[in-house]
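So the structure is just underneath, and the comments pick up after that.
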2 protein chains.
Amino acid sequence: MLDNVDKQILGLLQKNAKLTIKELAEELNLTTSPIFERIKRLEKEGVIEGYVALLNPERVGKGQVVFCNVSMPIYTKENIENFENIVRSMPQVLECYHLAGLVDYQLKVYVKDIKEYDDFLKQLAEIQIVKVHSSAVVLHDVKYSTVIQID
Amino acid sequence: MLDNVDKQILGLLQKNAKLTIKELAEELNLTTSPIFERIKRLEKEGVIEGYVALLNPERVGKGQVVFCNVSMPIYTKENIENFENIVRSMPQVLECYHLAGLVDYQLKVYVKDIKEYDDFLKQLAEIQIVKVHSSAVVLHDVKYSTVIQID
DNA sequence: AGTGAAATGACCCGAGA
DNA sequence: TCTCGGGTCATTTCACT
C-alpha cells in the first residue's frame with residue numbers, strides 16, 4: 001500500500017512540512033506532478049492526518065509537563081465515556097491513554113508551574129468517578145518527537 | 001512578548017499549519033504583510049519550533065503504543081548522558097522524560113505489535129546501566145494533541 | 001505512473017502612511 | 001505596525017508518453 005517513494009515523502013514531511021513539492025521532487029529524482037499526486041493521495045487516505053506548527057512550551061508559558069495517573073474505581077461504560085469526554089475537552093491535557101497496567105489512565109498535562117498543576121488537580125477532583133493515583137513531575141525532556149519510524 | 005494577534009496566529013497554526021497567510025489575514029482582519037512578518041518573527045525567536053506532518057500510526061504499521069518505565073540504579077552523570085544519547089537515537093522512542101517519581105525515566109514507544117515491543121525490550125536490556133521497571137500497554141488513545149493552550 | 005509546460009495563486013519585499 | 005501593490009516562485013492542472 002505504501003511504496004518506497006511514499007515512505008520517503010512521509011519521512012521527509014514528518015520532519016519538515018514546509019518542504020516544497022519542488023524540493024521533494026529534487027530529493028527523490030522526480031518531477032513535481034507525481035509528488036503532488038502522491039501527497040494528495042496520502043492525505044485523502046488518512047495516512048497524513050494533518051500539518052501542524054510545533055511550539056516551544058517554555059516560550060508560551062507552559063514549560064512544566066506532569067504525568068497524572070488516575071484510576072476509575074467503578075468501571076462502567078458510562079463512566080468511561082463520561083471521563084474520556086471531559087479529558088478531551090481539557091486544553092491542559094495534550095495526551096491521554098487508557099492503559100493496561102497498574103493505573104487505568106495516564107494524562108500528559110502542560111502547565112506553567114506546579115501551582116497551575118495544583119489547580120488542574122482540583123479540577124480533576126471534581127470529577128467524582130476517577131481517583132488520582134499519582135503524579136510524576138518531569139525534570140527534563142530527553143526526547144520529544146512526532147516522527148514515526150516507517151519500515 | 002506575545003500580544004493577542006500573535007497568540008491567535010499560534011493557536012491557528014498549531015491546528016493547521018497549511019493555512020495560508022491570506023486566510024490568516026482574513027480571519028484576523030489584517031492584511032498579509034503583518035501576518036507574514038509576525039510569523040517570521042515567531043519562527044526566528046524560537047516560539048515556533050517547526051512545522052511537521054502528523055501521520056496515522058496504524059496506517060503506517062505502528063499502531064501499538066507502550067510506555068516503558070526504567071530506573072537507573074547507579075545514578076552518575078556519565079550514565080545519564082550515556083543513556084539519554086542512546087534513547088535519542090532509538091527511532092521507536094518518540095518521547096522520553098526524566099521524572100521525579102517512582103521510576104527515573106518514562107519512554108513512549110511506537111511499535112507494530114507486542115512482538116515488536118519484545119524486540120525493543122531486548123535492545124534496552126543490552127544497555128547495562130538501566131533496568132526496566134515496568135511496561136504499560138496502551139489499550140486505546142483517548143486524546144493525542146500537539147496544541148498547547150496559550151493564555 | 002511518469003514528464004513538461006502553462007495558469008493560477010501564494011509568498012515576500014518594497015514604498016508610504 | 002499597518003496598507004497597498006508588484007515581482008517572483010510554488011502549486012496545481014492537463015495533454016502526452
Side-chain angles (χ1 to χ4, degrees), chain A residues 1-62 145-151, chain B residues 1-63 112 145-151:
Chain A
M1 188 176 138
L2 296 177
D3 70 12
N4 233 343
V5 176
D6 289 334
K7 288 176 187 172
Q8 290 188 74
I9 293 173
L10 293 172
L12 292 164
L13 289 180
Q14 279 191 105
K15 286 191 286 184
N16 180 12
K18 276 287 189 291
L19 287 171
T20 64
I21 291 174
K22 203 180 168 188
E23 287 168 323
L24 288 167
E26 282 166 14
E27 186 73 27
L28 305 182
N29 295 314
L30 284 168
T31 50
T32 59
S33 313
I35 303 289
F36 174 76
E37 280 170 16
R38 279 166 182 272
I39 291 173
K40 289 302 152 204
R41 198 194 73 233
L42 292 165
E43 289 169 355
K44 207 165 79 183
E45 286 176 353
V47 178
I48 296 175
E49 299 218 301
Y51 303 90
V52 302
L54 297 180
L55 308 189
N56 182 318
E58 290 194 14
R59 296 303 220 108
V60 296
K62 298 291 172 183
S145 170
T146 57
V147 178
I148 300 170
Q149 171 81 355
I150 310 172
D151 22 51
Chain B
M1 187 176 139
L2 296 177
D3 69 12
N4 232 343
V5 176
D6 289 334
K7 288 176 186 172
Q8 289 188 75
I9 293 173
L10 293 171
L12 291 164
L13 288 180
Q14 278 191 105
K15 286 192 286 184
N16 179 11
K18 275 288 189 291
L19 288 171
T20 63
I21 291 175
K22 201 180 168 189
E23 286 168 323
L24 288 166
E26 282 166 16
E27 186 73 26
L28 307 182
N29 295 314
L30 284 167
T31 51
T32 58
S33 310
I35 303 289
F36 174 76
E37 280 171 16
R38 280 166 182 271
I39 292 174
K40 289 301 153 204
R41 198 193 74 233
L42 292 166
E43 288 169 354
K44 208 165 76 184
E45 287 176 351
V47 178
I48 297 175
E49 300 219 299
Y51 302 91
V52 301
L54 297 180
L55 308 188
N56 182 319
E58 289 194 14
R59 296 301 222 111
V60 296
K62 299 289 172 185
K112 178 172 171 50
S145 171
T146 56
V147 178
I148 300 170
Q149 172 81 357
I150 310 172
D151 24 49

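The basis for the numbers below is simple: all heavy atoms, side chains too, and nothing from hydrogens, waters or symmetry mates. Since this is a predicted model, take the numbers as computed values, not measurements. Naming convention: chains lettered A, B, ... in sequence-line order (proteins, then strands); numbering from 1 in each chain.
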- Message: B:D3 vs B:R38, test: side chain to side chain contact (heavy atoms under 4.5 Å, CB included). Steps then yes/no.
- Response: CA-CA 10 Å; B:D3 69 12; B:R38 280 166 182 271; 2.9 Å; yes

- Message: Pair A:V47, A:M1 - check side chain to side chain contact (heavy atoms under 4.5 Å, CB included), show working.
- Response: CA-CA 11 Å; A:V47 178; A:M1 188 176 138; 4.3 Å; yes

- Would one find more than 12 heavy atoms of other residues, nucleotides or ligands at under 6.0 Å from atom CD of A:E27?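 Open: at most 12 neighbouring heavy atoms sit under 6.0 Å from CD of A:E27.
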
- Message: Please check if the number of heavy atoms outside B:E58 that lie under 6.0 Å from its CD is greater than 12.
- Response: no

In whole angstroms, how far is the [atom2] atom of [N] from the [atom1] atom of [X]?
| X | N | atom1 | atom2 | value |
| --- | --- | --- | --- | --- |
| B:L42 | D:dT1 | CG | P | 12 Å |
| B:F36 | D:dT1 | CZ | P | 16 Å |
| B:I39 | D:dT1 | CD1 | C1' | 16 Å |

- Task: For DNA chain C, note the earliest and the latest nucleotide, 5' to 3', having some atom under 4.0 Å of a heavy atom belonging to chain B.
- Result: C:dA10 to C:dG14

- Go through B:L12 and B:E23 one step at a time and tell me if the side chain to side chain contact (heavy atoms under 4.5 Å, CB included) criterion holds. CA-CA 10 Å; B:L12 291 164; B:E23 286 168 323; over 6 Å; no

- Query: Which atoms form the tightest heavy-atom contact between A:A53 and B:I48, and what is the distance?
  - Reply: CB-CG2, 4.4 Å

- For DNA chain D, which residues in residues 25-34 of chain B have a heavy atom at a distance below 4.0 Å? B:L30, B:T31, B:S33, B:P34

- Where along residues 5-23 of chain B does a heavy atom come under 4.0 Å from DNA chain D, residue by residue in number order? none

- Message: Heavy atoms only, 4.0 Å cut-off, all strands: where does B:R41 land among base, sugar-phosphate and nothing?
- Response: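 B:R41: no heavy atom of the nucleic acid under 4.0 Å.
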
- Any ion pair linking A:E43 and A:K40 (charged N to carboxylate O, less than 4.0 Å)?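 Yes, charged N to carboxylate O under 4.0 Å.
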
- Query: Considering only heavy atoms from C-beta outward, does the side chain of B:L42 approach that of B:L13 to under 4.5 Å?
  - Reply: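 Not touching, per the 4.5 Å side-chain cut-off.
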
- Query: Between B:R38 and D:dC2, does any side-chain N or O lie under 4.0 Å from OP1 or OP2?
  - Reply: yes

- Task: With rounding to the nearest 0.5 Å, note down the distance linking CG in A:L2 to CG in A:L10.
- Result: 6.0 Å

- Query: Could you give the distance from CD (B:E37) to NZ (B:K44), rounded to the nearest 0.5 Å?
  - Reply: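 Result: 10.5 Å between the selected atoms.
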
- Item | Test side chain to side chain contact (heavy atoms under 4.5 Å, CB included) applied to A:V52 and A:T146, step by step | CA-CA 11 Å; A:V52 302; A:T146 57; over 6 Å; no

